Number of protein chains: 2
Amino acid sequence: MVKITDVARHAGVSPSTVSYALSGKRPISAETRARVEASIRELGYRPHAGARALASNKSNVLAMVVPLRAGINVPVVMQFAVSVVTTAREHDHDVLLLTQEEGEEGLRRVADTALVDALIVMDVQLHDPRLPLLRALDRPSVLIGFPADPAGLTCIDLDFKAAGELCVEHLAGLGHRVIGLIGSPPEVYVRQTAFAQRVVQGFTAAAARLGMSSTVHPCEATPAAARTVAERLLREQPALTGVVIHNEAILEPLIDAFEHLGLRIPTDLSLTALCPDELAETLPVPVTSIAIPSREVGEQAVHLLMSKLDNTPVPSATLLRPRLTARASTAPRTM
Amino acid sequence: MVKITDVARHAGVSPSTVSYALSGKRPISAETRARVEASIRELGYRPHAGARALASNKSNVLAMVVPLRAGINVPVVMQFAVSVVTTAREHDHDVLLLTQEEGEEGLRRVADTALVDALIVMDVQLHDPRLPLLRALDRPSVLIGFPADPAGLTCIDLDFKAAGELCVEHLAGLGHRVIGLIGSPPEVYVRQTAFAQRVVQGFTAAAARLGMSSTVHPCEATPAAARTVAERLLREQPALTGVVIHNEAILEPLIDAFEHLGLRIPTDLSLTALCPDELAETLPVPVTSIAIPSREVGEQAVHLLMSKLDNTPVPSATLLRPRLTARASTAPRTM
DNA sequence: GCGTGACGTCGAAGCGCTTCGACGGGGGAA
DNA sequence: TTCCCCCGTCGAAGCGCTTCGACGTCACGC
């Protein structure tokens, strides 16, 4: 193994000079720097990560906790993870992968052993048991998702309220006046995270603001429930021409159900959904949708962390603007 | 930060004794060990990862390179990754996540900086550019998949030849005598990896051994190609009653195609596939299938690496026995 | 012409841990 | 009883790097 003293000897300087040439923390003359760099290249020198971490008290590694529980969309998680790794590398950091299974102990371990400098935690629940720990840890962290009480934490997520609004505005812009929201299973609205409520808030607020007639229907994630809710929607709002769906699992069953009820999409009924683009694109009718911008979330999460690492203050909450992709499922109102 | 000297003082022993109590590398009396452990607990001591890595020349971190290219099945990769992390933790190791995008330079970096002790590389291609590097690196590695020349490497994968055989044997056991293999797109057989050929070899060999009539048909991953190949199969082998499919993308189109041709599954035609269980289960007709045992591959890969890390010799090639899950798409021959 | 910085470099101290050699004491073999 | 060896523990020497203080040199301003 070639070490910094080898480089120093080869370049005819002291080890500290090599270090400074590498880090730029002190001015080094152009010639010296060039000589050092040449030696580094010639000898194939790579600083030892452990030694560096010990001396500098920085490991240049981030921890990323990925969720495992059922119901998460794996490709979305993966996209996010890749984006985190890529962005971290741009900032000269590596990423340690933790499973949610490891829980609080895992977080504490990697933080307390100084294995990582900072942490990214995905899939944060409303009353996540990890919150007290994350607040107490001596290393910065960023959470994906908003807990009930984000005080003292840094959180980032899609602005679900704005997403709900955007769906409504899109439908309103196409002339629709009577709309419905088909949501997630009822339990999602009480447990877990708050994003489902936020969508409803945005939906309702925008509909009211735009003078539209609207209803909200939670729905179980089964095809049977999808059929039922579709029927009920039409019964309760016969003039319905627009629907917002926030329930990936039954997107396809819902489309089927509406078509079996004699509604053509988008001629008779416009549909817009909150779901991954991948899903929206591959449905029998490509659906106008808002996706969680996983790439952007990952990037921003790393940027937030980097700021915290060099003591730049960051906003406690970062809400990402939703972007709606228009597809074949929405059209101007015809009736 | 509480360090080993703090623990030593608190327990009334020397730092080296604490170290030995922790590592077990030298005998320590029960009482001393107990006292040390109590102090550790009381003070909340955690050894500094960097210091440990520097002094012991072991980081207790593995690198895992995950593939990004199109065509990989993301949930399978994720399952595998989770299994690697979980197994690594059981061996007191953590996992650093690298994207394939980082390429050879990424591997060299984490290895040369001693950030990781060993590497797991997924999605290894026949002539993978990383092979020479992996051979030259001073750290052990395990590859998922077999390159053209595995000499000097440690590889693990599903035994695709045995998988091909197992499909045939399953069909033979049900009385089928005339079978076909619908394979991957032609280019898969020349480029990339060798697993597609292996399936064909197993299929052909088993069919010959069992005195069955068989044909092999590569097939593009498009619904149109699926229809064409289905028709051709029936034209060329009118007595066909069993089909093996090694092409996840067109499983569903193929089922449709056969049914449109008037064949009921499994009454008239038995289908067995190589595909993830998740897919096999959710098709209109649940398909008898062999899945890549991602969980087991991950576990074994880590075990292999651990053996290499403590200089236990390991087999150069590990082929995992295929396991076939019978579902609704196969039945005894009726005609 | 001399003080004053800023620049560029060096040497040494340490980061927190592991590990090696050494050493005292006790038990078993001779 | 004596010798030897092993057990349990200690002290010290690093592991390879960063960083702090120091120092010489040069240019500039007064």
Side-chain angles (χ1 to χ4, degrees), chain A residues 1-37 39-40 43-61 92 109-117 138 310, chain B residues 1-37 39-40 43-61 92 109-117 138 310:
Chain A
M1 172 181 212
V2 30
K3 39 195 174 192
I4 202 170
T5 51
D6 300 330
V7 177
R9 197 177 319 116
H10 189 273
V13 298
S14 79
S16 51
T17 300
V18 176
S19 180
Y20 287 125
L22 238 37
S23 70
K25 295 193 180 178
R26 284 203 183 171
I28 296 289
S29 72
E31 311 95 274
T32 305
R33 185 195 314 287
R35 212 141 29 83
V36 168
E37 277 165 6
S39 297
I40 287 178
L43 301 180
Y45 167 68
R46 298 278 198 168
H48 186 287
R52 206 191 258 260
L54 178 57
S56 68
N57 203 22
K58 289 179 183 3
S59 66
N60 273 35
V61 175
D92 196 30
R109 182 176 55 81
V110 296
D112 287 355
T113 59
L115 222 196
V116 306
D117 294 335
D138 59 335
D310 43 59
Chain B
M1 171 178 211
V2 30
K3 39 194 171 194
I4 201 171
T5 51
D6 300 328
V7 175
R9 198 177 317 115
H10 188 272
V13 298
S14 82
S16 52
T17 301
V18 176
S19 180
Y20 286 125
L22 238 38
S23 70
K25 295 193 179 178
R26 284 202 184 173
I28 295 289
S29 71
E31 312 95 275
T32 305
R33 185 196 314 287
R35 213 143 29 84
V36 167
E37 277 164 6
S39 298
I40 288 177
L43 301 180
Y45 167 68
R46 299 279 198 165
H48 187 286
R52 206 191 258 258
L54 177 57
S56 69
N57 204 23
K58 286 178 184 3
S59 66
N60 274 33
V61 174
D92 196 31
R109 182 174 55 81
V110 296
D112 286 355
T113 60
L115 223 196
V116 306
D117 294 335
D138 58 336
D310 43 59

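Here is the naming used below: chain letters follow the sequence lines, and residue numbers restart at 1 for every chain. These numbers come from a predicted model, not from an experiment.
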- Task: Could you tell me the separation between the CZ atom of B:Arg46 and the C1' atom of C:dC17, rounded to a whole number of Å?
- Result: 16 Å
- Query: When you check every protein heavy atom under 4.0 Å of nucleotides 8-15 of chain C, what one-letter string (B, S, -) results, 5' to 3'?
  - Reply: SBBB--BB
- Please report, rounded to the nearest Å, how far the P atom of C:dG16 is from the CG atom of B:Asp6. 9 Å
- Item | A:Leu22 and A:Ile40, any side-chain heavy atoms less than 4.5 Å apart | yes
- Any donor-acceptor pair under 3.5 Å from B:Asn60 side chain to B:Asp92 backbone: yes
- Which atom of B:Val2 lies closest to which atom of B:Gly44, heavy atoms considered: CG1-O, 3.7 Å
- Among all residues two or more places apart in sequence or in another chain, which pass the side-chain hydrogen bond (donor to acceptor under 3.5 Å, both in side chains) test with B:Ser59? B:Asp117
- Message: Between P on D:dG16 and CD1 on A:Ile4, what's the gap in Å once rounded to a whole number?
- Response: 12 Å
- Message: Just so I know, are the side chains of A:Val61 and B:Val61 near enough to count as touching, which here means a heavy-atom distance under 4.5 Å?
- Response: no
- Item | Nearest-Å distance for atom pair CZ/P, residues B:Arg9 and C:dG16 | 12 Å
- Task: Just do the side-chain hydrogen bond (donor to acceptor under 3.5 Å, both in side chains) check on A:Ser16 and A:Ser19 with the steps written out, would you?
- Result: CA-CA 5 Å; A:Ser16 51; A:Ser19 180; over 6 Å; no
- Given atom NE2 of A:His48 and atom C1' of C:dC17, what is their separation to the nearest angstrom? 12 Å
- Separation of B:Asn57 atom CG from C:dC20 atom P, in whole Å? 13 Å
- Message: Rounded to whole Å, please give me the gap between CG in B:Asp112 and C1' in D:dG16.
- Response: 15 Å
- Message: Strictly below 4.0 Å, N to O, side chains only: are A:Asp6 and A:Arg9 in salt-bridge contact?
- Response: yes
- Message: As a test of reading the structure: which of D:dT19, C:dC17, D:dC17 is closest to the side chain of A:Tyr45, going by heavy atoms?
- Response: D:dC17
- Message: Is there a side-chain contact between A:Lys25 and the phosphate of D:dT18, meaning an N or O under 4.0 Å from OP1 or OP2?
- Response: no
- Task: Take the protein atom CG of B:Leu22 and the nucleotide atom C1' of C:dT19, then report the distance between them rounded to whole Å.
- Result: 14 Å
- Query: Which pair of heavy atoms, one from B:Ile28 and one from B:Arg33, lies closest together, and at what distance?
  - Reply: O-NH2, 3.1 Å
- A:Arg35 side-chain N/O to A:Ala11 backbone N/O, donor-acceptor pair under 3.5 Å: yes
- Item | Angle by which the axis turns from one end of the helix from C:dG1-D:dC30 to C:dA30-D:dT1 to the other, five pairs per end, to 10 degrees | 30°
